[in-house]
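We use all heavy atoms of the structure for the numbers below, so side chains are in, but hydrogens, waters and symmetry mates are not. Sequence positions, counted from 1, serve as the residue numbers for this chain. One-based numbering, in listed order, for ligands and for the atoms of each.
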Amino acid sequence: MSVSELPAILGGTPLRPEGPPAWPGDWPEITDALNACLSDRSWGKYHGPNCDALTEQLNAFHNVTETILCSSGTVAVELALRGVRVEPGDEVILAAYDFKANFQNALAIGATPVLVDIDPASWQLDVSQVEAAISDRTKAIIVSHLHGGWVPMQPVMELADRHGISVIEDACQATGAILNGQRAGTAGHVGVLSFGGSKLLTAGRGGAVMTNQPEIAQRIRLFTQRGNEAYPLSEMQAAVLRPQLNRLDERNIARWKAVRELSAELQQLTSPQGEPVLRMLVDACQIDHENRPAFFKVGLQYDLAKSTGSDRELFATAMRAEGIALDPGFRSLHRIHSKRRFREVGDLANANVCDAHVLVLHHPVLLENSNSIRQIRVAAERVCSHAGAIHAVQNQ
Ligand SMILES: *Cc1c(COP(=O)(O)O)cnc(C)c1O
């Protein structure tokens, strides 16, 4: 296939006319799980065997004593904040480049988000800037592992313990990852998982809070139990999650192998000035037996803008027209919220760079094959070689 073929966004034939692979996959073990729900009627029951079994399975997988299932990852972060006693008037530190709901959760409790810049090497929360964000109102830090990267938890925990602050570790994008020898979500005082429809373990909706501290778990249970469960995960959701958890390690390893292939492919893609067009976030990370990332998204830093003037949104649109599930990353939180809602530390210069340059590749393609990975590079080449024309058409 020649690079000069017209990109789909300019009327050419898409590289993947069928579009990105479906998620969740077509898995026989899910059919079995749903059939079991039919036979024992747990599909229609408040209580059955599945939620209890999933809780046990998650406790064992993560080596934690308490897992509380709930209705979403967003609610799980709120429950985690409540579990560590964040109250109106308190401050919650988080990265200025993070999942929007984490910011909103602090507001929902009446707390003030305090935004810290990200580390330009890892594009995660810059731990060295957290201390400057701490005030006498600081109650918690939300630490998210994003786009296949991770935040080093040991310095975060040392800092937090020194200041008597609680750490909420958001592992929604890193479920099953092993970081510094332990599962993502188990190094903080509370960890959070999402079982949303796009996530590595999916039940369409759902989430979980994990902790080893009984008093945190107790506070969360008190909040969620109002004579009935206020934020439940259903028996049927738990039933489809159990077989996925059994295969999570195997699938995370397969995704990691595909990411390595993608990295090699993308190194071949350079701008006219010889600069890499798409720099992979994980290429900057130290991966060994102690650190084994998980890829809900593959973070890419896009740099063609310098040579053609195309922004990340346009590049992602052109890639999606080829059938590749590439999207702009998050908007940085300080750029989409009123200054009255948060406090910020420093100039957030690196979060500004992320706001403009981060792209994310959605994970399902990572479970396909080498040809699918190669197509991503070919699509990017095609889009880059017509970047000027794409830019001109879009701006007509
Ligand atoms: C997906 C996600 C969540 C929670 O999402 P829900 O859709 O509410 O389950 C939280 N944090 C991060 C970083 C996420 O990616």
query = Can you name the residues that come within less than 4.0 Å of ligand 1, going by heavy atoms only?
reply = Ser72, Gly73, Thr74, Phe99, Leu146, Asp170, Cys172, Gln173, Ser194, Lys199, Gly206
query = For Ala349, does its backbone N or O pair with a side-chain atom of Asp117 as donor and acceptor, under 3.5 Å?
reply = yes
task = Kindly write out the residues that satisfy side-chain contact (heavy atoms from CB on, under 4.5 Å) with Val353, not counting sequence neighbours, or none if the list is empty.
result = Gln301, His357
query = Taking only residues two or more places apart in sequence, or in another chain, which ones meet Ser338 in a side-chain contact (heavy atoms from CB on, under 4.5 Å)?
reply = Arg340, Arg341
message = Does anything in residues 174-201 form a salt bridge (charged side-chain N to carboxylate O under 4.0 Å, His left out)? List the pairs, not counting sequence neighbours.
response = Arg183-Asp249
key: Charged N-O contact under 4.0 Å between Glu29 and Arg242   = no
Lys/Arg N to Asp/Glu carboxylate O, Glu381 vs Arg377, below 4.0 Å = yes
